[in-house]
Amino acid sequence: MVARIEGEALHAAVADLDGWELREDLLAIERKFKFADFVEAFGFMTRVAILAEKADHHPEWFNVYNRVEITLTTHDADGVSQRDIDLANAIEGLL
Ligand SMILES: C[C@H](O)[C@H](O)[C@H]1CNC2=NC(N)=NC(=O)C2=N1
């Protein structure tokens, strides 16, 4: 079981992440990315997929052409956990 991050700690953790926002229901974090074209966007998604598989923590995402929208949440925690924060940080490291 993974602990859910809530309240002040949740807001502080999200504030430390560049460009990520808390979803309105406070149960997930989200970020929108925009690339030059589809090849750039899909290349990014491929690199995220490799990170996600290594971490056994996977994004919910949406892609149209050069736009990628990522939502991170932890099903086991029914909300945001450190695993989401860690994956968001690892994604930041790809940019
Ligand atoms: C069995 C497996 O470890 C779990 O289903 C993992 C896989 N990837 C996951 N990804 C995300 N985003 N949240 C989870 O709770 C989760 N759980």
Side-chain angles (χ1 to χ4, degrees):
M1 191 68 185
V2 191
R4 175 167 155 181
I5 306 173
E6 292 174 279
E8 277 300 304
L10 179 57
H11 288 277
V14 177
D16 279 347
L17 291 168
D18 198 26
W20 292 81
E21 290 180 356
L22 209 45
R23 200 169 68 190
E24 207 172 353
D25 64 7
L26 309 181
L27 299 179
I29 58 174
E30 310 176 303
R31 185 175 163 177
K32 294 179 164 73
F33 302 85
K34 198 166 185 183
F35 297 91
D37 53 27
F38 178 71
V39 171
E40 292 288 323
F42 202 80
F44 168 72
M45 292 174 77
T46 303
R47 289 181 291 140
V48 171
I50 292 165
L51 278 183
E53 189 56 19
K54 276 189 189 150
D56 190 28
H57 199 66
H58 304 87
E60 297 173 20
W61 52 13
F62 175 81
N63 161 243
V64 175
Y65 183 53
N66 63 340
R67 288 190 291 128
V68 179
E69 298 176 11
I70 297 185
T71 298
L72 300 177
T73 188
T74 302
H75 314 130
D76 280 356
D78 282 325
V80 179
S81 77
Q82 191 59 43
R83 301 186 73 192
D84 300 304
I85 305 300
D86 291 347
L87 184 55
N89 265 311
I91 291 171
E92 290 311 295
L94 296 175
L95 298 169

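Note that ligands are numbered from 1 as they come in the structure, with each ligand's atoms numbered from 1 the same way.
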When rounded to the nearest 0.5 angstrom, what is the spacing between OG in S81 and NE2 in H75?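 Output value for this atom pair is 10.5 Å.
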How many angstroms lie between atom NE2 of H11 and atom CG of L22, to the nearest 0.5 angstrom?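 Separation between the atoms: 5.5 Å.
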Got a sec, which residues hit side-chain hydrogen bond (donor to acceptor under 3.5 Å, both in side chains) with H58, two or more places apart in sequence or on another chain?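 Partners of H58 under the side-chain hydrogen bond (donor to acceptor under 3.5 Å, both in side chains) test: E53.
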Could you list all the salt bridge (charged side-chain N to carboxylate O under 4.0 Å, His left out) pairs where at least one residue sits in residues 77-93, not counting sequence neighbours?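 Counting only pairs at least two positions apart or across chains, the salt bridge (charged side-chain N to carboxylate O under 4.0 Å, His left out) contacts touching residues 77-93 are R31-E92.
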Is it the case that more than 12 heavy atoms not belonging to Q82 sit under 6.0 Å from its CD atom?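 Yes - once you tally the heavy atoms of other residues, nucleotides and ligands closer than 6.0 Å, there are more than 12.
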Amino acids contacting ligand 1, non-hydrogen cut-off under 4.0 Å: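 Those residues closer than 4.0 Å to ligand 1 by some heavy atom are D56, H57, H58, T73, T74, H75, D76.
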Side-chain atoms of residues 40-52: list all donor-acceptor pairs with protein atoms under 3.5 Å, sequence neighbours left out, distances to 0.1 Å.
{"residue": "T46", "atom": "OG1", "partner": "F42", "partner atom": "O", "Å": "2.8"}
{"residue": "R47", "atom": "NH1", "partner": "L94", "partner atom": "O", "Å": "3.2"}

